[in-house]
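Everything on this sheet refers to the single structure shown next.
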There are 2 protein chains.
Amino acid sequence: MGKLERHATIADVAALAGVSVGTASKALNGRGSLREETRMRVREAARQLSFEANAGARSLHSGRTYTVGMITTDTIGRFSIPVLMGAEDALGAGEMSVFLCDGRDDPIREQYYVKTLLSRRVDGMIVTGRRTEARAPIGANLPVPVVYAFISSADPGDCSVVPDEAGGARKAVEHLLAVGRTRIAHVTGPEHHNSARVRAAAAAERLAEDGLSLVAPPLFGGWSEVWGRQAVGILLAGRSEFDAVFCGSDQIARGVCDALRAAGRRVPQDVALIGFDNWDVMTEACQPPLTSIDLDLEGLGRSAAEMLLAAINGSPSPGRHAHPCRLVVRESTTMPLP
Amino acid sequence: MGKLERHATIADVAALAGVSVGTASKALNGRGSLREETRMRVREAARQLSFEANAGARSLHSGRTYTVGMITTDTIGRFSIPVLMGAEDALGAGEMSVFLCDGRDDPIREQYYVKTLLSRRVDGMIVTGRRTEARAPIGANLPVPVVYAFISSADPGDCSVVPDEAGGARKAVEHLLAVGRTRIAHVTGPEHHNSARVRAAAAAERLAEDGLSLVAPPLFGGWSEVWGRQAVGILLAGRSEFDAVFCGSDQIARGVCDALRAAGRRVPQDVALIGFDNWDVMTEACQPPLTSIDLDLEGLGRSAAEMLLAAINGSPSPGRHAHPCRLVVRESTTMPLP
DNA sequence: ACCGTGACGGCAATCGTTTTCCTAGTTTCC
DNA sequence: GGAAACTAGGAAAACGATTGCCGTCACGGT
């Protein structure tokens, strides 16, 4: 199992095939005018030496590396993964590779990564993060295009692709209305999170369009199941009746669901329940399975990557682009057919 | 906001500083013998042009790229992330960057990535995956060192770093024995998963050392909460009493917990409960919080990366290395102090 | 006045590929 | 039979950075 085979160079290939380096290069890249027999001979030699052209040397000429950098603002997590996968997907199709850099919420670390990526001559960068908050641009006047995905840049001229959270919240409310609920409560994450505020506001707005309002002010807390359970206590102690709860996350929804059941309220008969994020772990384990809003992060990542590719090819798409959310209906808002 | 600044080359820097290219290079890298004033002048020019040396061109000389490739066998997921982060951590300290490639369980795709990484002249590769099963080596006689992390290579000569699942299972059983439980049931994942078999076998073995055995044969099923709930039905219908359940995953444990409570059994008073994976989402939301076995995936990733670095520097560590698991005690096995 | 010796920097080779230009042959056509 | 028109493939100049080798000063000692 000797791992010591040196990397073959095109000179090795040329020597084995009995041609000059230039000719070997042409043979392998389909350039120039060569006899088919020569081409084959070179290809065979390359195969035999398992030759792979040195991408670094190659990019010296083309000026392109077919590589993009991906920087996470905070840490690689549940939200960045799908974005990452979507991006990887779209870029892979364009034969590009991805450099992954985990910023860990440390600006020094982040700047270090930006420099590293630039020195590696990436063709572009994608910046992502765990929260949808706007953030300071990663650099000014960078020599390569940058796209912000999920998170957005504070500079409105930068290209950002963000989930349409307001639209998602509206869809949630519309769905509850469609299944006949009108007395809706809202339990969500901390008020200092942009996501919590935006979703709450959009929900209220959508209700207002039908002349309705939330049965109580939104309950801001954490994103956890524990908070969901606590919130039910608050709701039940309050004086307003409710027939649906729109939750800011699936974890909250699950907590709400468990607590409602413990309190003797049936889901969905007595209270319809809808979450946010469409996280399979929660939606499937919930009893009953949870209706939720899917951010389509993979699609978002793909879309961001496509915009980056376009920008690399000279057609940037500056500005903020909202990526639509999808409603996924399960039994927490509708009874299964018998 | 012009993004059009070309990348400065060292020739630009040299011209601006009024020296030759070679001298500029020496100035920036602290080589040769130059007047301090000259050095400063060059550095200033470089700063002014925000010059970053082209890593590709540079590696042409050094033969090293300070880059490693990371390939996931299946998909990037809950298990690969911490491994990835740990690796990124250890490599970042060595000033190396990580190329991420998502294999998606497709051998073609995987081989394509191996070729890409080789052409990019990575200094080494890390292979990881979602399951601990052994897999076919990613290639034979590769010109760079490879380390398998979490997943292991079927070739015993390859370097693999895997969690010590058997050790973890033993720790779980030991803990249950330590808190006075002797009638232990085991609910775990599908029997065709290596992890499920290994953990079950190790648990039985550890019990046997104390002259005990599981109250019933291990219940193999899925890794989900739903299965955990179903399994409780089976256990309660069976004729053997039990005072503890060791679960193959935290999700199973949570399902078991919910179902036990619904059946009127108290955790931990009547039944102590321990999970596996120490997944915060589950352990924290569980009522009561769940004792679990932590695979220390981040440590494992770090360790794998360190072995890779060592191998790159000429000191490989062939063979299979077991990374220890940790017991994390919470209230599902011990009452809180009053 | 001459030589030796550092100090300072320039020159050019080198890394692996691509690409442009050019030179031999071979056809083809009148 | 000779010139034009191709064809196949070689030679060499890029690309950007590093580095060993050398030339050129200035200075000090004899």
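A note on names: the letters A, B, ... follow the listed sequences, proteins ahead of strands, and every chain is numbered from 1. Since the model is a prediction, treat every value here as computed from it, not as a measurement. Note that these values count all heavy atoms, side chains included, but never hydrogens, waters or copies made by symmetry.
The CD atom of B/E36 sits 13 Å away from the C1' atom of C/dC8 (whole-angstrom rounding). Nucleotide D/dT18 holds its C1' atom 10 Å from the CG atom of B/L60, rounded to whole Å. Per the geometry, CZ belonging to B/R41 stands 9 Å off P belonging to C/dG10, to the nearest Å. Between the C1' atom of D/dT19 and the CG atom of B/L34 lies a distance of 12 Å, rounded to the nearest Å. In this structure, CG of A/L49 is placed 15 Å from C1' of C/dG16, rounded to the nearest angstrom. When the P atom of C/dG16 is taken as reference, atom CZ of B/R121 falls 9 Å away, rounded to whole Å. Spacing between atom CZ of A/R6 and atom P of C/dC15 amounts to 10 Å, rounded to whole angstrom units. Taking atom CG of B/N29 as the reference point, atom P of C/dG9 lies 16 Å away to the nearest angstrom.
Of the candidate nucleotides C/dG10, C/dT17, D/dT19, C/dG10 has the atom lying nearest to any side-chain atom of B/T23. Of all nucleotides listed (D/dG10, C/dG16, D/dT18), D/dG10 comes nearest to the side chain of A/V19. Side-chain proximity of A/A57 to the nucleotides C/dT17, D/dA17, D/dT19 is greatest for C/dT17. You'll find that the side chain of B/K26 is closest to C/dG10, out of D/dA17, C/dG10, C/dC21.
Counting non-hydrogen atoms under 4.0 angstrom, B/S33 reaches a base of the nucleic acid. Using a 4.0 Å heavy-atom criterion, one finds that A/T38 contacts the sugar-phosphate atoms exclusively. Using a 4.0 Å heavy-atom distance criterion, B/R39 is classed as making no nucleic acid contact.
A salt bridge links A/E44 and A/R47; the closest N-O separation between the charged side-chain nitrogens and carboxylate oxygens is under 4.0 Å. Contact check on B/E306 versus B/R302 returns no salt bridge, with no Lys/Arg side-chain nitrogen under 4.0 Å from an Asp/Glu carboxylate oxygen. Using a cutoff of 4.0 Å between basic side-chain nitrogens and carboxylate oxygens, B/D74 and B/R135 are not scored as salt-bridged.
Counting only distance, with no hydrogens or angles, the side chain of A/D123 and the backbone of A/V68 share no donor-acceptor pair below 3.5 Å. A distance-only check finds a donor-acceptor pair linking the side chain of A/R109 to the backbone of A/D102 [under 3.5 Å].
Mapping A/S20 and B/A24 onto DNA chain D via the closest heavy atom, the residue that lands nearer the 5' end is A/S20. Residue-to-nucleotide proximity on DNA chain C shows that, of B/H61 and B/G18, the 5′-proximal contact is made by B/G18.
Not one side-chain nitrogen or oxygen of A/R58 sits closer than 4.0 Å to the OP1 or OP2 atom of C/dG16. A close approach under 4.0 Å does occur between a side-chain nitrogen or oxygen of B/R35 and OP1 or OP2 of C/dG9.
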